[in-house]
Structures are given as C-alpha cells and as structure tokens.
2 protein chains.
Amino acid sequence: MHNLLSNLKIAVPEKIFVKDPESSALGKRIIEHSILLINDLGFDAFTFKKLGVIIGSNESSIYRYFESKHKLLLYLSSWYWAWIEYQLVFETHNISDHKEKLIKAIDIVCRTTKEDSNFSHINEIVLNRIIINENSKSFLTNEVDKENKDGYFIIYKRVIQRLRDMIIENSPDYNFPSSLASTIIEGGLHQHFLKDHFLSITDCEGQITPSRFFIDLTVNTLNLK
Amino acid sequence: MHNLLSNLKIAVPEKIFVKDPESSALGKRIIEHSILLINDLGFDAFTFKKLGVIIGSNESSIYRYFESKHKLLLYLSSWYWAWIEYQLVFETHNISDHKEKLIKAIDIVCRTTKEDSNFSHINEIVLNRIIINENSKSFLTNEVDKENKDGYFIIYKRVIQRLRDMIIENSPDYNFPSSLASTIIEGGLHQHFLKDHFLSITDCEGQITPSRFFIDLTVNTLNLK
DNA sequence: TCTTATGTAATAGTAAAACTATTATATTTG
DNA sequence: CAAATATAATAGTTTTACTATTACATAAGA
C-alpha cells in the first residue's frame with residue numbers, strides 16, 4: 001500500500017489553495033511543518049509567523065500558498081479524508097461478504113494511524129492526531145454554507161457516503177444509514193479525544209478501541225447475523 | 001417547569017468567571033447579549049469590543065466579569081448543561097419503567113429547544129443554537145487538561161454520566177455505556193448541525209429528528225424489549 | 001455628615017495575530 | 001541573452017485580545 005500511495009497524488013479541491021503546495025519545495029515544507037506545529041501548539045495558537053520561523057521562510061511567503069490559516073486547515077482535512085478514502089476503497093474492494101466489508105470499513109475510519117508512510121512529506125500519524133483535535137473547527141464556522149457550496153468538504157462527505165452505502169448494502173430497510181455513517185465517523189474521532197482527555201465519559205482505553213465500540217454498535221443496531 | 005426554573009439559580013463553577021454575572025445588571029446584560037451576538041457572528045468573529053457597543057458599555061468592563069471570550073463560552077456551556085441536567089432530573093424522576101425513562105432522557109438531550117422560558121435574561125432557544133455550533137470549541141483546545149482539572153467541565157460530564165447510569169439500569173452487561181452516552185450527546189448536537197448545513201450526510205429532516213435516530217439506535221443496540 | 005472603603009466602569013493604552021503592498025531575486029523560456 | 005514569470009523577502013497596516021491606570025458612584029462606619 002505504501003508503495004502505491006507514494007506514486008498516487010492525493011487530490012484536494014483546487015480552490016482551497018492559492019498555489020498548490022505540492023508544486024514546490026517550499027510548499028511541501030509548509031505542509032510538512034504545519035502539521036507538526038499545529039500538533040504542538042494547537043490550531044488556535046498556531047500562526048504563519050511561527051511556522052515561518054521554523055521553515056526558515058517569511059510569513060508572507062506562506063500567504064502565497066494559503067490565504068489564511070483556516071484554508072490551510074481545510075487543506076489538511078481534505079488531504080486526510082482523501083487518504084482515508086483511498087484506504088477504504090483499497091482495503092475493502094476485494095471483500096465480497098457485506099458484513100465483513102462493513103466491519104473492515106468501520107475499523108478503517110475509526111482506527112488510530114500507527115504508521116507513517118515515510119514516502120511523502122506528510123506524517124500521517126501526527127495528521128491523524130490533528131484531525132482528532134481540530135477537524136470540527138474546519139466546518140464549525142459562520143462561513144460553512146458558502147464553503148460547502150465551494151466544494152471544500154466534498155471528500156469528507158464522500159467518505160461518509162461510501163460508509164452509508166455499505167450500511168445500506170447490509171440493511172436496505174434501515175431508516176438512518178446516513179446519520180449512522182456520520183455518527184460513526186465523527187463519533188470515532190470524538191471517542192479518541194475522550195480517551196486522551198476525558199476518561200470518565202468513555203469506555204475506550206487499551207483493548208477497548210473506538211473501532212470496537214462502533215463495530216459492536218453497528219452490528220447490534222442493524223442486527224447483522 | 002418554567003415557574004420552578006425562575007426561582008432556581010443555575011450553578012456554574014465559580015472559577016469560570018472573575019465576577020459572577022448574575023450579581024449585577026451589567027453582568028446579566030453581558031450574558032443576555034453575548035448569546036445573541038455569538039449566534040449572529042459566530043464565536044470566532046465575536047469580540048468583547050463588539051459586545052460592548054451593543055450593551056452600551058465599555059469593552060474593559062466586560063473583562064471585569066470574564067478574563068477572556070473563551071471563559072465566557074465555558075460559562076454559557078456550563079449554564080446550558082446545568083439547565084439540561086435540571087430537565088433530565090425533573091422530567092424523568094417519576095418514571096419507574098427503565099426503558100421509558102431512558103427514552104425520555106435521550107429525547108431531552110437531543111431535542112431542539114423550542115420555547116424560551118421568558119423568566120430569565122437567557123434565551124434558551126438561541127443558547128441551544130450556540131451549543132450546537134460552538135460547544136466543541138469549549139474543549140477542543142490545548143488547555144483542555146488544565147481546564148478539566150480546574151473543574152470547568154464537571155456539569156457536562158455529569159449529564160453524560162446520568163445518561164450512562166440509565167443505560168446501565170437497562171443493560172447491566174452492556175460493555176460500552178459511557179461511550180454510548182457520550183456518543184448520544186455529542187452526536188445529537190452534530191446531527192442538528194448536519195441538518196442545518198450538510199443534508200447529504202444525515203437522515204434528520206422534518207419528522208426524522210436526532211432524538212428519533214438515537215432512540216432507535218439505543219433501543220436496538222441494547223436490544224430493549 | 002464626613003471620611004473611608006469598595007464596587008463599577010471608562011480611558012488609554014500594549015502585544016500579538018492576521019493579512020497586504022511593494023520590492024527584490026531567481027528561474028524559465030522564446 | 002533578454003524578457004517574462006515565478007518565487008520569496010521586507011516592511012508595513014489593521015484588528016483582536018487583553019491590561020494598567022484612573023475616575024466615578026455608592027455604601028458603610030465613626
């Protein structure tokens with residue numbers, strides 16, 4: 001998979017960036033180190049100025065690639081979900097059993113990233129941590145409807161719809177396939193957050209993972225045999 | 001219920017504010033109009049300066065009550081969950097049937113607020129909208145562990161634990177009562193957000209409410225007869 | 001009633017963040 | 001090799017978030 005991924009360019013909606021960060025060495029450094037710095041400082045305390053110092057480049061040069069730090073977050077989020085979608089398609093396409101396929105899919109969207117591909121400048125382990133902590137901030141804004149119309153969230157929505165389709169494949173009569181799919185995906189991230197910060201309101205810890213919880217939830221709800 | 005509520009002071013952890021906004025007319029105006037203004041502008045664009053203009057008071061006076069806009073959000077969040085907790089206790093305490101009680105509880109935490117109590121300076125309908133859009137931002141910060149230690153989230157956690165206890169009452173052997181409770185509460189807010197902004201990834205619309213979805217999910221998962 | 005204490009709010013800031021206009025330096029290409 | 005273009009740096013501005021200090025108002029005690 002890693003070899004395949006290195007030859008595959010993850011496609012992000014064009015309007016998100018001013019200049020494609022994949023198109024230059026500086027652009028790649030911006031992506032690489034923004035992930036590390038957002039992880040260290042949190043998105044709120046992260047600034048282009050601080051990033052500039054780290055990559056030995058000027059703040060204003062970064063504005064040549066992204067018009068705001070919010071757009072940069074949208075880019076990272078889109079990249080992440082495109083990468084999840086890739087795994088979803090790749091790792092489930094040859095599973096013929098519907099139930100097995102759905103279980104695999106839930107595991108993919110809920111699991112913690114444990115290996116960095118080492119082929120790109122993007123550290124997927126750290127990016128996964130950022131998504132857990134910051135993904136909601138990409139859409140919890142006053143501009144969400146405009147940005148949605150501009151297509152900034154299509155990849156994220158497509159992942160949810162793929163999961164929804166697998167739910168329907170298992171239970172054509174179930175009334176809430178879209179809501180269940182979106183609950184699994186946001187809930188998966190949320191349970192990871194709780195296990196790191198609010199242990200008293202989650203059961204996830206050690207062997208009990210968000211994946212296991214949501215697989216159990218789905219199998220029972222859909223009454224899969 | 002409304003009459004009772006008007007005589008009942010919603011208790012918020014003391015360390016959240018510098019000076020109790022309930023203790024003065026200005027404090028109440030700050031709360032009243034911050035809710036309306038955050039709803040209009042979104043939390044990110046909301047500033048103490050803009051609030052000051054609206055309440056005809058100076059920006060710095062607001063700092064006498066809250067040391068930052070983040071602390072104000074924590075206050076509003078705590079107030080909201082205390083108010084939900086009140087409804088949870090009041091509306092379920094005389095229901096003896098465990099299943100019926102749990103269903104009522106899920107409805108309370110997931111339903112849309114439709115009536116303003118009109119007894120306090122707080123507009124609960126608008127506050128409910130703010131919580132849907134902004135609640136996550138109260139804990140998705142780099143300071144979450146410190147603030148959690150300082151008790152800023154106890155009311156929120158207590159509501160989840162009350163729901164968890166009702167789940168255990170119904171299914172003592174279920175393995176994930178805390179995760180299910182936290183999923184219902186965060187998921188309920190999220191499904192409301194989706195119905196307002198991302199209709200393609202939710203089934204909630206019109207008659208199909210987040211409450212119905214999560215009641216169905218819980219009854220099926222726990223296999224309640 | 002006068003003085004002191006205290007609560008409340010306004011003035012006038014500062015520091016940092018977010019973003020922009022302009023200029024300089026590479027690099028490409030015809 | 002000159003013109004065009006891509007790329008990046010300098011040096012700003014504006015806005016936000018927050019603070020230090022002063023002023024005013026009310027209340028309490030002697």
Side-chain angles (χ1 to χ4, degrees), chain A residues 14-34 37-38 40-76 121 134 137-138 140-143 146-147, chain B residues 14-34 37-38 40-76 121 134 137-138 140-143 146-147:
Chain A
E14 297 243 334
K15 287 185 82 177
I16 288 182
F17 47 74
V18 179
K19 176 190 163 124
D20 187 353
E22 289 292 326
S23 71
S24 76
L26 178 66
K28 287 175 187 163
R29 285 173 62 73
I30 288 171
I31 299 304
E32 179 181 2
H33 288 93
S34 66
L37 192 57
I38 291 172
D40 285 347
L41 305 178
F43 184 68
D44 295 343
F46 167 88
T47 71
F48 280 1
K49 194 167 219 164
K50 291 171 185 170
L51 177 60
V53 171
I54 285 176
I55 62 177
S57 189
N58 197 280
E59 189 190 3
S60 60
S61 303
I62 303 165
Y63 282 98
R64 299 276 157 179
Y65 291 84
F66 296 101
E67 71 179 52
S68 65
K69 69 173 187 172
H70 178 247
K71 285 284 176 72
L72 171 58
L73 179 61
L74 287 174
Y75 179 91
L76 295 178
H121 49 289
E134 321 289 356
K137 295 173 190 167
S138 71
L140 293 180
T141 71
N142 238 29
E143 296 76 35
K146 193 200 166 300
E147 294 185 344
Chain B
E14 297 241 333
K15 286 186 82 176
I16 288 183
F17 48 73
V18 179
K19 177 190 163 124
D20 187 355
E22 288 292 325
S23 71
S24 76
L26 177 66
K28 287 174 188 163
R29 285 173 62 73
I30 288 172
I31 299 303
E32 179 181 3
H33 289 93
S34 66
L37 192 57
I38 290 173
D40 285 348
L41 304 178
F43 184 68
D44 295 343
F46 167 85
T47 70
F48 280 0
K49 193 166 221 164
K50 291 171 185 168
L51 177 61
V53 171
I54 285 177
I55 63 177
S57 189
N58 196 282
E59 189 191 4
S60 59
S61 303
I62 303 166
Y63 282 99
R64 299 276 157 177
Y65 291 85
F66 295 100
E67 71 178 53
S68 66
K69 70 173 185 172
H70 179 248
K71 285 284 177 72
L72 171 59
L73 180 62
L74 287 174
Y75 180 91
L76 296 178
H121 49 287
E134 321 289 356
K137 295 173 191 167
S138 70
L140 292 180
T141 70
N142 238 28
E143 296 75 37
K146 191 199 168 302
E147 294 185 345

List for me each residue that meets side-chain hydrogen bond (donor to acceptor under 3.5 Å, both in side chains) alongside [X], sequence neighbours excluded, and say none if there are none.
X     : answer
A:N58 : A:S60
A:K69 : none
A:E67 : A:K71

Check: protein-nucleotides 23-26 of chain D nitrogen or oxygen pairs below 3.5 Å:
none

Round to a whole Å and report the spacing from [atom1] of [X] to [atom2] of [N].
X     : N      : atom1 : atom2 : value
B:F43 : D:dA17 : CZ    : C1'   : 11 Å
B:D44 : D:dT15 : CG    : P     : 18 Å
A:F66 : C:dT20 : CZ    : P     : 16 Å
A:K69 : D:dT16 : NZ    : P     : 14 Å
A:K71 : C:dA18 : NZ    : C1'   : 14 Å
A:K28 : D:dA8  : NZ    : P     : 13 Å

Any N/O pairs under 3.5 Å between the protein and nucleotides 22-24 of chain C? List them or say none.
unit_1	atom_1	unit_2	atom_2	d
C:dT22	O4	A:R64	NH2	2.8

Worksheet item: Looking across every strand, which nucleic acid part, if any, lies under 4.0 Å from A:Y65 by heavy atom: base, sugar-phosphate, or nothing?
Response: sugar-phosphate

Worksheet item: Does A:S68 put a side-chain nitrogen or oxygen below 4.0 Å from OP1 or OP2 of C:dA18?
Response: no

Practice prompt. Please state whether the phosphate of D:dA20, meaning OP1 or OP2, lies under 4.0 angstrom from any side-chain nitrogen or oxygen of B:Y63.
Written response: no

Worksheet item: Taking B:F48 as the fixed residue, which of B:F66, B:Y63, B:Y65 is the one that meets the ring-ring contact (aromatic ring centres under 6.0 Å, His included) rule?
Response: B:Y63

Discussion item. Please report the interatomic distance CG(B:L73) to OG1(B:T141), rounded to the nearest 0.5 Å.
Written reply: 10.0 Å

Worksheet item: Tell me, which of residues 45-60 of chain B have any heavy atom that sits under 4.0 Å from an atom in DNA chain C?
Response: B:S57, B:N58, B:S60

Practice prompt. Answer yes or no: does atom NZ of A:K49 have more than 12 heavy-atom neighbours from other residues, nucleotides or ligands under 6.0 Å?
Written response: no

Worksheet item: Is A:E143 paired with A:K146 through a side-chain N to carboxylate O contact shorter than 4.0 Å?
Response: no

